[in-house]
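Below: the structure, in structure tokens.
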Protein chains: 2
Amino acid sequence: MTTSTGSIPAAAATPSRRELNKAATRQAITDAALSLLRSHGPGSFTVEDIADTAGISRRTFFNYFSSTDAALAAVTHGFLDNAIQQFRLRPADEPILQSAQAALMALADPMTVAPLAELFTLTQQSTLMSHSELQAWEHCTEQIIAVARERVTGAAEGVDELYVRALAGAVISCGKAALEVWFTRRGADLSPASLAELRQLLIDSMALLGSGFTAGTSPASRSTSSASVSS
Amino acid sequence: MTTSTGSIPAAAATPSRRELNKAATRQAITDAALSLLRSHGPGSFTVEDIADTAGISRRTFFNYFSSTDAALAAVTHGFLDNAIQQFRLRPADEPILQSAQAALMALADPMTVAPLAELFTLTQQSTLMSHSELQAWEHCTEQIIAVARERVTGAAEGVDELYVRALAGAVISCGKAALEVWFTRRGADLSPASLAELRQLLIDSMALLGSGFTAGTSPASRSTSSASVSS
DNA sequence: GGAAAAACTTGCTCAGCGTGCAAAGTTGCA
DNA sequence: TGCAACTTTGCACGCTGAGCAAGTTTTTCC
């Protein structure tokens with residue numbers, strides 16, 4: 001089928017007309033969803049509204065996403081896929097926490113964070129995260145588990161499932177915590193100073209994890225320095 | 001009317017007829033939902049089915065729960081509320097990780113774990129957790145954050161939000177990881193040996209967190225002993 | 001004890017969701 | 001050019017979740 005140009009439908013080129021159309025439609029849908037979110041607020045528009053705005057039928061929308069939430073969560077999904085990609089690029093012998101920190105550093109630039117920040121501020125008022133968004137984080141956790149399992153397998157045959165799952169979950173939780181604190185502090189502020197603070201929060205959260213949260217009752221000694229895990 | 005038995009509608013006695021009826025209806029709904037889950041499997045029955053089984057109208061169901069998932073998640077909610085209650089009972093000067101571990105120990109008995117274990121095994125095949133279930137965990141995280149914030153406030157005025165949120169999220173993640181590993185290993189096995197393993201997994205996961213996951217590439221040295229945090 | 005008030009249940013209705021199906025329209029390949 | 005594969009779309013259908021108003025039960029107050 002795909003024998004025309006490349007070999008494996010991997011990363012760079014996918015020039016098939018069909019693939020391009022699908023990608024464009026997908027993008028049109030998320031754009032429409034975001035646009036409606038901006039103008040109407042969360043929960044105040046229907047799938048039909050999105051479909052109309054994107055110039056497709058309601059039925060076609062469901063060929064791409066299973067709900068409005070899912071369309072919006074594409075933003076989060078994109079961000080986290082990016083994070084995992086960075087994470088996989090780290091050397092296999094590096095401590096996992098350090099890899100996680102490095103991967104997160106690579107994402108704290110305006111272009112990458114901006115969509116997530118906007119989505120977050122726009123949906124903030126509706127208390128809890130949507131189903132699809134939580135799924136996206138869960139999916140990311142699974143990916144980290146997979147990577148961690150590979151790395152630990154190198155050392156011992158019987159992989160310690162608890163170690164791997166607890167670590168992955170903790171990393172995600174701490175990353176989420178850093179993002180939450182940043183969002184509540186700075187809103188959608190993407191200035192260099194704000195992004196520097198985000199980076200510091202991410203570093204601090206990984207440091208907390210790496211030190212077993214021993215800093216306990218003396219937060220002053222930690223919140224200003226980048227602590228031990230930093231590169 | 002209500003003067004016969006109790007005095008204050010606080011904790012123990014709430015003999016009001018209405019409260020009793022509501023509690024009974026609520027219980028009937030979750031029982032019906034669980035029963036249908038057992039007989040039909042997840043996602044194979046409707047709200048109307050539950051309402052019929054519970055002997056109420058569809059409309060009344062929605063007065064109690066917002067979805068089938070929510071009715072089933074009542075089990076998880078009950079378990080986690082119990083956990084938080086235990087957690088709050090711990091002395092305020094105890095390290096949080098130790099409090100968490102102690103609270104978890106108090107829950108690793110057959111009567112408490114059984115409903116959760118059954119729910120988990122019955123819904124296991126449908127991959128991801130339901131929305132309401134995830135909400136229950138999220139709610140528990142918020143509770144831990146609240147407790148942690150109170151405790152840290154005793155030491156410093158400007159509470160470190162990152163510390164509190166990262167810690168609470170990590171604790172929940174590790175607890176979840178321990179439960180997941182236990183479920184996948186032992187299924188719905190509630191034998192003393194299995195519960196002892198659950199307790200050990202919970203202790204180990206908290207120990208991992210307390211040690212900053214430094215055990216890294218030598219799982220053998222940890223999985224057999226109860227490590228440093230144990231009481 | 002009895003009537004008014006408050007709380008709860010229920011049936012009706014309705015917009016919206018998510019999916020199966022088959023017809024119509026596109027794209028890929030020879 | 002024409003066939004095969006894929007995609008879009010309209011239609012239909014059962015289910016969801018919530019508002020509303022009329023009935024029923026419990027509580028309260030005299």
Side-chain angles (χ1 to χ4, degrees), chain A residues 1-7 9 13-29 32-33 36-37 40-73 126-128 130-132 135, chain B residues 1-9 13-29 32-33 36-37 40-73 126 128 130-132 135:
Chain A
M1 314 277 182
T2 58
T3 51
S4 57
T5 53
S7 46
T14 312
S16 151
R17 189 65 165 261
R18 282 208 170 114
E19 313 266 346
L20 286 174
N21 283 347
K22 290 198 78 169
T25 303
R26 200 178 181 81
Q27 190 61 48
I29 293 175
L36 286 166
L37 182 63
H40 292 70
S44 319
F45 54 96
T46 71
V47 168
E48 195 153 18
D49 294 334
I50 300 177
D52 288 350
T53 309
I56 55 167
S57 73
R58 196 181 81 97
R59 191 60 186 78
T60 300
F61 173 93
F62 285 111
N63 288 345
Y64 287 84
F65 298 101
S66 59
S67 66
T68 51
D69 283 344
L72 290 171
S126 51
T127 324
L128 243 74
S130 79
H131 185 46
S132 306
Q135 258 186 243
Chain B
M1 309 293 175
T2 59
T3 52
S4 55
T5 52
S7 48
I8 309 150
T14 312
S16 152
R17 191 62 167 260
R18 273 203 177 121
E19 313 267 345
L20 286 175
N21 284 347
K22 290 198 78 171
T25 303
R26 201 177 179 81
Q27 191 60 48
I29 293 175
L36 287 166
L37 182 64
H40 292 70
S44 318
F45 54 95
T46 72
V47 168
E48 196 154 17
D49 294 333
I50 300 176
D52 288 350
T53 308
I56 55 167
S57 73
R58 197 182 81 95
R59 191 61 187 77
T60 299
F61 173 92
F62 284 112
N63 288 345
Y64 286 84
F65 298 101
S66 59
S67 64
T68 50
D69 283 345
L72 291 171
S126 53
L128 243 74
S130 79
H131 186 45
S132 305
Q135 257 185 243

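Order of the sequence lines sets the chain letters (A, B, ...), proteins ahead of strands, with each chain counted from 1.
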Rounding to a whole Å, what distance do you find between [X]:[atom1] and [N]:[atom2]?
{"X": "A:Asn21", "N": "D:dA5", "atom1": "CG", "atom2": "C1'", "value": "15 Å"}
{"X": "B:Phe65", "N": "D:dT16", "atom1": "CZ", "atom2": "P", "value": "15 Å"}
{"X": "A:Leu20", "N": "C:dT26", "atom1": "CG", "atom2": "C1'", "value": "14 Å"}
{"X": "B:Glu19", "N": "D:dT27", "atom1": "CD", "atom2": "P", "value": "9 Å"}
{"X": "A:Ile29", "N": "D:dT7", "atom1": "CD1", "atom2": "P", "value": "14 Å"}
{"X": "B:Glu48", "N": "D:dA18", "atom1": "CD", "atom2": "P", "value": "17 Å"}
{"X": "A:Arg17", "N": "D:dA5", "atom1": "CZ", "atom2": "C1'", "value": "17 Å"}

Point-to-point distance, once rounded to the nearest 0.5 Å, from [atom1] of [X] to [atom2] of [Y]:
{"X": "B:Arg26", "Y": "B:Phe61", "atom1": "CZ", "atom2": "CZ", "answer": "10.0 Å"}
{"X": "B:Gln135", "Y": "A:His131", "atom1": "CD", "atom2": "NE2", "answer": "11.0 Å"}
{"X": "A:Thr68", "Y": "A:Glu48", "atom1": "OG1", "atom2": "CD", "answer": "13.5 Å"}
{"X": "A:Ile56", "Y": "A:Ile29", "atom1": "CD1", "atom2": "CD1", "answer": "3.5 Å"}

Would you mind classifying the nucleic acid contact of B:Tyr64 as base, sugar-phosphate or nothing, using non-hydrogen atoms under 4.0 angstrom? sugar-phosphate
Where the side chain of B:Ser67 is concerned, which of D:dG17, D:dC15, D:dT27 is the nearest nucleotide?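 So the side chain of B:Ser67 is nearest to D:dG17.
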Strand-adjacent residues in residues 53-63 of chain A, judged by heavy atoms under 4.0 Å from DNA chain D: A:Ile56, A:Ser57, A:Arg58, A:Arg59, A:Thr60, A:Asn63
With a 4.0 Å limit, can you tell me whether B:Ser16 has a side-chain N or O closer than that to the phosphate oxygens OP1/OP2 of D:dT26?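 False: B:Ser16 side-chain N/O out of range (4.0 Å or more) of D:dT26 OP1/OP2.
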Step by step, would you call A:Phe45 with A:Leu37 a side-chain contact (heavy atoms from CB on, under 4.5 Å)? CA-CA 8 Å; A:Phe45 54 96; A:Leu37 182 63; 4.2 Å; yes
Any N or O donor-acceptor pair under 3.5 Å from the base of D:dA5 to the side chain of A:Arg18? yes
Return the minimal non-hydrogen interatomic distance between A:Ile50 and A:Ala32, and the atom names on each side. O-CB, 3.8 Å
Might you point out which heavy atoms bring B:Ala28 and B:Ala54 nearest each other, and give the distance in Å? O-CB, 3.8 Å
